[in-house]
Each structure stands twice: as C-alpha cells, then as structure tokens.
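Note that these values count all heavy atoms, side chains included, but never hydrogens, waters or copies made by symmetry.
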Amino acid sequence: MFHKLRLQLAIINLIIIAALFLILTVGTYLFAENQMRNRAFGMGINFISDIQAGLINDMPDRGPRDQGRHPPHDEPPQSPRQPLEQPPEHPLVFFVKTDADNQIFFTSSTQPLDSASLSTLVQGSLRQKETTGTISLQESYYYYVKTPLQDQSGMIVLFQNFDHEKNLLHSLITALIIVGILCLLLSLVASLYMANRAMIPISSAWEQQKNFLADVSHELRTPLTVMQTNLEIVLDNPEGTIANQSKWLHNIKEETDAMAKLITSLLFLARADSQQPLLEKKFFSLSQSLLRSTEALAPLAAAKGITLELSIAPEIQIYGDEGSMKQLVSIFFDNSIRHTPSGGKISIFLSQSKKEITFTFTDTGEGIENMHLEKIFDRFYQVDKSRFKGGTGLGLSIAKLIVETHGGSIKVSSQLTLGTKFCIKLPIS
C-alpha cells in the first residue's frame, strides 16, 4: 500500500512540475515572440514614416536619414538628423512602392528576392486586411508594414526578414526543452526521495495505530476473560452465599475497575487526538493541590513500606486545570509505587524560580534501561510486558500530554537498581 502511495505522490509531483515547466516554456516563447514582433513593427512604422516624409529614398547599409532631401530655400538649414543605420540584426529590411493596380514600380536596393518571389510576397501582404502582420514565403518569415502613398496613388510596403528571430526562438525553445527534460529526471529522483521521506511518519503512524488497536484489544480482552471465568465459577455454585464467593466477586470488581480506568484513559487520548478541549483552566494553588493529593496517596505508600518524602514550596499559584494536575500526581505515584520495592523511598519536590515552576518525582525503584527511556511516553509502551505489576502503558503518555497542554516540558532520567526521576518544568502564569 505504501509503495503504491509513494509512487503516486512522486508521479503527481512530477506532473505538477512538468505542467509548470510547460507553462514557463510556452510563456517564454510567446513573450519573446511578442517582444520581437513589437520591436520589428515599431521599427517598420518609423521607417514608413520617414519614407513617406521623403527622408528615405532607399535602404542603404549605411546612410543619412535625410538622404535625397534638400530644404526649401525659404527654410533655414537644419542640423543633420542622426544617420539611419541598417541594423545588423535586421540585415534584410527593404520596401517597395506599388501603383493603384498593385503593381510594383519601385524597389529598394536591399531586397534579396527575385522578381517572382517579390511579387508573390507583395501581393500576399496587400491581400491582408491588417496594416501590419507576418507573412511566410518559401519557409522564410517576414514582418510587413503597409501604408498608402501620400497622394493615395498606391501603397508603400516595408518588409523585415523574420528568419533570424525565428531561429533564435527555436534555439531558445530547444535549450529549454533539453534543460526541462534534465530537470524532470532530477525532479523524479527528488520526488521519489521526498515521497520516501513523507511516507516515514505516515507508515510510522499507521504502524502505531495497528499496535494501538492490538494493545487495546489485548488490554480489554484480558480483564473480560478474568471476569467471565470468575462469573462462571459463581454461577456454577448457585447455593453459595456472597460471603463464601467474595473472592470471585472481588476479582470481578478489580477487573471492572481496571477496565473503567483503561476506558477513561482512552477517552482522554481520543479527545486529545480530535483536538477537543481537555482542560478547564483557572488560577489555583498548585502547592495546596499537591499536598491534598499526596495525603490521599500516602496510605498506599505506607501499606507497601515505602517512605514518602515531600518538599513543597508554599503558595505556588498556576493557571491550569487542577483536576489534570491531580491526575498527573496520581500517574507518577502509581508508576513509582509499582516499581519501588518495600523499604524504598518516593520523593516529591516542588519549587518556583523567576522563570518557571519545577516539579520532580523521584523514586528508588528498579530503574529503567537507557534503551527504553525515549519510548516510555509512547502509548501502551511498557518496559515490563508482564501484567503482574499492573498498568496499561497509557499513564505516562497521558502525563506528557497534560504537561504539554500546560505549556511545560517533561524529562526523565534513570539508572538500573538506583531509581528514576521525572522532572517537569511549567511556565509561570
């Protein structure tokens, strides 16, 4: 599935790049052609104006614009105009004059065509409705500009050869196509690489989802199996009293409590995944909240022979959800008491600096190997896969979520046989 999706992403990306490159190539061609056409038409109109004014009687390679023109005796001599140069990039610029019957009676000396070809070119341009345009002859292209003679007895038609510009455009398009093909090949390689990179988090999320479903199924199936077994025992002894079957009923209650806890945790995570609001924030005393939470948990530690050490700075206020903070303490306490043997110690420390609130939870339990430290906040991840220590593998992931929704951070450090320390940093409200 992911291989096919990866290939689809690469192909879609390649198609998009190819479409953009095609648009760029066509746009470049049209823009360059339009610019050349406008430049040629502008030059042609200037030539026509000078021809009509009598400033040009021919199209020499080099020559003054006022060639063949003499000012009248009653006009003062004028300073000579700038010389009209046959542009090197337009070596084939010529014009003809036709009479009222569209017959050529004057041809500039620069025209390179034979009489028949020239006549075909002129007649073709005269048949066009537009005064400016392009016309082809024998695989050559010409710009033309035509205008009536001043006495309206015929037409002036000026031609500029278009082959040089066409060749330039074709060379440009060829170069763009070659570069484009190379770019597309490189884009294909890059697209496959990026698609592979994009698939990593997707495949990881897919794998996590499959593992999540498998873990949920396992965690629900086990207590259901225990409950079903104990119920069958109770039902097989209909004469028994509640007192002599309290053992089986107690087992059912324990598993029911475990399932309720698991479902509550799953609902909490589901709300977080769906971006639903998790907290009802307000200002409260974090110090007092921790003291009340630890007072309720102290008997559990004492029953197991574990010392509970508290160092809680007074009057630390925070803007957050008090219920979530109590849940946070309960998660860490439950985790520590399950992994700390009798005679051990659990220490809870709370302090405040100018920048942040620091909350640490330390135990002298069995510790965690370094290979597990980066994974213990993952859902359903358990260092010890056996069920005899209890736990569902969701507590620490919920704890991390609570801390992060309060804008804080959480770190863990641990050494085997020496214990584990969770350090939480919370911003000052």
Side-chain angles (χ1 to χ4, degrees), residues 204-205 207-212 214-216 218-219 222-223 258 261-262 264-266 268-269 272 290 293-294 297-298 300-312 324-351 356-406 408-426:
S204 176
E207 193 64 28
Q208 287 181 357
Q209 182 177 354
K210 290 197 301 183
N211 293 335
F212 180 81
D215 290 333
V216 168
H218 172 74
E219 291 296 334
T222 302
K261 183 179 179 181
L262 174 61
T264 300
S265 299
L266 290 173
F268 183 89
L269 293 173
L290 288 185
S293 297
T294 52
L297 297 171
L300 298 176
K304 195 176 177 181
I306 297 174
T307 303
L308 184 60
E309 182 181 56
L310 302 178
S311 177
I312 299 176
S324 295
M325 284 298 166
K326 290 180 178 180
Q327 184 181 6
L328 187 69
V329 175
S330 178
I331 289 171
F332 286 127
F333 187 88
D334 179 68
N335 185 74
S336 293
I337 205 168
R338 283 189 288 110
H339 297 281
T340 302
S342 178
K345 182 172 68 173
I346 297 175
S347 301
I348 300 176
F349 175 82
L350 179 68
S351 66
E356 60 191 4
I357 297 170
T358 301
F359 171 39
T360 62
F361 213 103
T362 309
D363 63 55
T364 58
E366 58 199 32
I368 306 171
E369 292 184 81
N370 289 333
M371 60 182 291
H372 298 294
L373 289 179
E374 294 183 359
K375 301 179 181 179
I376 61 173
F377 294 106
D378 294 345
R379 298 178 185 182
F380 286 110
Y381 187 84
Q382 297 189 68
V383 176
D384 190 335
K385 300 297 183 181
S386 62
R387 286 179 51 84
F388 77 92
K389 288 186 178 179
T392 61
L394 292 176
L396 291 180
S397 61
I398 292 175
K400 183 180 180 183
L401 185 59
I402 291 172
V403 171
E404 290 178 347
T405 52
H406 280 83
S409 63
I410 182 171
K411 293 182 179 180
V412 59
S413 58
S414 184
Q415 288 184 315
L416 286 176
T417 71
L418 297 180
T420 303
K421 178 181 180 180
F422 292 94
C423 182
I424 301 164
K425 301 287 187 179
L426 297 172

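- The closest side-chain heavy-atom distance from Lys400 to Leu396 is not below 4.5 Å.
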Stepwise side chain to side chain contact (heavy atoms under 4.5 Å, CB included) test for Thr340 and Thr364:
CA-CA 6 Å; Thr340 302; Thr364 58; 4.0 Å; yes
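- Across all their heavy atoms, Leu350 and Leu290 have their closest contact at CD2-CD1, 3.4 Å.
- Shown here is Lys375, whose NZ atom has no more than 12 heavy atoms of other residues, nucleotides or ligands within 6.0 Å.
- Between the side chains of Ser347 and Thr362, not a single donor N or O lies within less than 3.5 Å of an accepting N or O.
- No side-chain heavy atom of Met325 sits less than 4.5 Å from a side-chain heavy atom of Val329.
- Nearest heavy-atom pair, Ile306 versus Pro341, reported as atom, atom and distance to 0.1 Å: CG1-O, 3.7 Å.
- Contact between Phe377 and Ser397 at its shortest, heavy atoms only, is O-CB, 3.1 Å.
- Heavy-atom minimum distance, Leu373 versus Ile376: O-CG1, 3.5 Å.
- Closest non-hydrogen pair, Ala301 versus Phe333, comes out as CB-CZ, 3.8 Å.
- Between Phe361 and Phe422, the distance from one ring center to the other does not fall under 6.0 angstrom.
- Expressed to the nearest 0.5 Å, how far CD1 of Ile348 lies from CG of Leu297 amounts to 7.5 Å.
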Is there a side-chain hydrogen bond (donor to acceptor under 3.5 Å, both in side chains) between Lys421 and Thr360 once you walk through the steps?
CA-CA 7 Å; Lys421 178 181 180 180; Thr360 62; 5.4 Å; no
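- Between Glu309 and Ser311, the closest side-chain pair of non-hydrogen atoms is not below 4.5 Å.
- Between Leu416 and Glu369, some side-chain heavy-atom pair lies under the 4.5 Å cut-off.
- Put simply, NE2 on His406 and CG on Leu401 are 10.5 Å apart, with the number rounded to the nearest 0.5 Å.
- Taking CD1 from Ile337 and CG from Leu300, the interatomic distance works out to 5.5 Å, rounded to the nearest 0.5 Å.
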Stepwise, does the side chain to side chain contact (heavy atoms under 4.5 Å, CB included) test hold for Ser413 with Thr420?
CA-CA 6 Å; Ser413 58; Thr420 303; over 6 Å; no
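- Counting heavy atoms from C-beta on, the side chains of Phe359 and Leu328 come closer than 4.5 Å.
- At most 12 non-hydrogen atoms from other residues, nucleotides or ligands lie less than 6.0 angstrom from NZ of Lys345.
- Rounding to the nearest 0.5 Å gives a distance of 7.5 Å between OG of Ser414 and CG of Asp363.
- Around the CD atom of Glu404, the shell of radius 6.0 Å holds more than 12 heavy atoms that belong to other residues, nucleotides or ligands.
- The distance from atom NZ of Lys304 to atom OG of Ser342, rounded to the nearest 0.5 Å, is 8.0 Å.
- To the nearest 0.5 Å, atoms CZ (Arg338) and OG (Ser336) are separated by 9.0 Å.
- Between Phe349 and Leu310 the shortest side-chain heavy-atom distance does not fall below 4.5 Å.
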